[in-house]
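Here is how names work: the chains are called A, B, and so on, in the same order as the sequence lines, proteins then strands, and each is numbered from 1.
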Amino acid sequence: MLDSVTHSIFLPNTMGCEPLMSWTELFGTAEDYYPTVDHQTGSDLFWPSIHPEYWSKENVCDWLQFCCDQYKLDANCISFSHFNINGLQLCSMSQEEFVDAAGICGEYLYCFSNQIKKKSYNLFYFILACLRAGGIKSQECHSHGRTSLQSSHLWEFVRDLLLSPEENCGILEWEDREQGIFRVVKSEALAKMWGQRKKNDRMTYEKLSRALRYYYKTGILERVDRRLVYKFGKNAHGWQENKL
DNA sequence: ACCTTTTTTCCTGATT
DNA sequence: AAATCAGGAAAAAAGG
């Protein structure tokens, strides 16, 4: 039910970004659903609970992740590096800049960012409710203080690591940026990090690489005959420098 | 409850 | 010799 409704926010009429009016109409007040929502819990700053202008980079990431998840935006058309910014910067982005950074998704993101800038506490509450209903996922994302987007698949994890120098710390390295060829520099570290992500402390590079080999079949990766070297295949997206 | 896809685990054997 | 690569098989986890 949430899905159908929320979709209608984003996939409707043209480019126009008219404000969302009907939250209470649709859902009742947020309090009806989450009477105990506390929008300034001690430890973690939930991004929905603070005005976007005050968001940290992490908050922006979480917001982006939320949008992708909740509105089924294709993360592949989003240039993550463009969103390595804080809330103030996010708020000052024009529609053109959103489109630059995220193609067609940028229009929706622009739309949504406008909504949250506007004020609409009901909207904040609604988002918070979605996050909580969606369970641990987004919260974990927070508690681990991740600065990159969570992605469920191994190849996306690898890709995002490749794309975020901060977290990468020399674990992966581009061999040929244009062709999507990369090398695993620290195999054990990679396995450990993937294990962390999956909450599996028994992960090893042996096992991780088995999973990577399965990608050859699906065209996510292509075989490179060098040890510890892989190449993104035609079915992998979002790794190119100038994507869209 | 069921089904599909992805990932994990384990293994045998080859290669570097 | 120690890592890595190759996949088959099967089980578990995830997602729908």
Side-chain angles (χ1 to χ4, degrees), chain A residues 1-11 61-78 80 105 108 126-127 129-144 146 148-164 167-176 179-240:
Chain A
M1 164 272 201
L2 282 187
D3 254 13
S4 57
V5 178
T6 49
H7 264 94
S8 66
I9 298 158
F10 278 82
L11 314 173
C61 272
D62 291 344
W63 169 75
L64 207 48
Q65 178 67 45
F66 171 82
C67 291
C68 289
D69 287 348
Q70 205 65 33
Y71 303 107
K72 306 284 186 281
L73 297 185
D74 181 7
N76 295 325
C77 62
I78 298 174
F80 298 151
C105 293
Y108 297 137
F126 168 72
I127 294 163
C130 287
L131 284 172
R132 301 225 159 140
I136 343 139
K137 222 185 198 167
S138 44
Q139 269 181 316
E140 267 173 274
C141 172
H142 226 101
S143 62
H144 284 64
R146 295 211 157 276
S148 76
L149 297 169
Q150 303 289 298
S151 37
S152 44
H153 292 143
L154 174 57
W155 74 270
E156 294 168 305
F157 165 77
V158 167
R159 177 199 62 191
D160 294 346
L161 211 47
L162 231 17
L163 261 31
S164 66
E167 288 201 64
N168 184 331
C169 28
I171 290 173
L172 296 169
E173 202 170 84
W174 287 110
E175 193 102 306
D176 185 326
Q179 297 197 63
I181 300 173
F182 60 93
R183 186 171 68 250
V184 178
V185 180
K186 302 175 183 169
S187 56
E188 2 47 48
L190 178 65
K192 188 188 289 183
M193 195 169 274
W194 174 239
Q196 262 171 250
R197 174 70 65 92
K198 296 291 291 292
K199 302 203 180 320
N200 175 1
D201 50 352
R202 302 172 309 282
M203 183 49 58
T204 65
Y205 178 71
E206 272 282 286
K207 294 187 277 193
L208 184 153
S209 63
R210 180 68 189 93
L212 290 179
R213 270 176 249 128
Y214 271 125
Y215 285 138
Y216 295 147
K217 239 190 330 234
T218 53
I220 298 288
L221 292 178
E222 286 173 24
R223 200 162 259 136
V224 175
D225 67 346
R226 275 172 293 151
R227 301 189 125 203
L228 299 167
V229 178
Y230 300 86
K231 177 184 195 303
F232 286 118
K234 39 207 137 312
N235 293 328
H237 316 281
W239 54 269
Q240 292 105 132

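Trp155(A) has its CH2 atom 19 Å from the P atom of dA14(C), to the nearest Å. Distance CG (Asn235(A)) to P (dT5(B)): 14 Å, rounded to an integer number of Å. Rounded to whole Å, the distance from CG on Leu190(A) to P on dT8(B) is 11 Å. In this structure, the CZ atom of Arg226(A) is 16 Å from the P atom of dT4(C), given to the nearest Å. Regarding Phe157(A), its CZ atom lies at a distance of 14 Å from the C1' atom of dT7(B), rounded to whole Å. The nearest whole Å value for the distance from the CG atom in Leu212(A) to the C1' atom in dA6(C) is 13 Å. Between the CG atom of Leu221(A) and the P atom of dA6(C) there is a distance of 12 Å, rounded to whole Å. Rounded to whole Å, atom C1' of dT4(C) lies 13 Å from atom CD of Glu188(A).
For Ile171(A) against Leu190(A), the heavy-atom pair with the smallest separation is CG2-CB, 3.7 Å. Taking each heavy atom of Ala191(A) and Leu208(A) in turn, the nearest pair found is CA-CD1, 3.8 Å. Scanning all heavy atoms of the two residues, the minimum distance from Leu162(A) to Glu173(A) falls at CD1-N, 3.9 Å.
Proximity of Asn200(A) to the phosphate of dA13(C): no side-chain N or O atom is located under 4.0 Å from OP1 or OP2. Look at Lys198(A) and you won't find any side-chain N or O under 4.0 angstrom from OP1 or OP2 of dA13(C). Proximity of Trp194(A) to the phosphate of dT7(B): no side-chain N or O atom is located under 4.0 Å from OP1 or OP2.
With DNA chain B read from its 5' end, the first of the two nearest nucleotides for Arg202(A) and Thr218(A) is the one closest to Thr218(A). In terms of position on DNA chain C, the residue among Tyr205(A) and Lys217(A) whose nearest nucleotide sits closer to the 5' end is Tyr205(A). In terms of position on DNA chain B, the residue among Glu206(A) and Arg227(A) whose nearest nucleotide sits closer to the 5' end is Glu206(A).
Backbone-only engagement by Leu228(A) is indicated by non-hydrogen atom pairs under 4.0 Å involving sugar-phosphate atoms exclusively.
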Point to revise | Verdict with reasoning, Tyr230(A) to Tyr216(A), per side-chain contact (heavy atoms from CB on, under 4.5 Å) | key: CA-CA 10 Å; Tyr230(A) 300 86; Tyr216(A) 295 147; 3.4 Å; yes
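With salt bridges taken as basic N to acidic carboxylate O contacts below 4.0 Å, one links Glu222(A) and Lys234(A).
In the set dT9(B), dC5(C), dG7(C), the nucleotide with an atom closest to the side chain of Lys207(A) is dT9(B). The listed nucleotides are dT8(B), dC5(C), dT6(B); the one nearest the side chain of Met203(A) is dT8(B). The side chain of His153(A) sits closest to dT6(B) out of dT8(B), dC5(C), dT6(B). The nucleotide whose nearest atom lies closest to any side-chain atom of Arg223(A) is, among dC5(C), dT6(B), dG7(C), dG7(C). With dT6(B), dA6(C), dT7(B) as the choices, the nucleotide that has an atom nearest any side-chain atom of Arg213(A) turns out to be dA6(C).
Applying the 6.0 Å contact sphere to NZ of Lys192(A) captures no more than 12 heavy atoms from other residues, nucleotides or ligands.
Between the side chain of Arg210(A) and the base of dG8(C), at least one donor-acceptor pair of N or O atoms lies under 3.5 Å. Under 3.5 Å, the side chain of Tyr214(A) and the base of dA9(C) form at least one donor-acceptor pair of N or O atoms.
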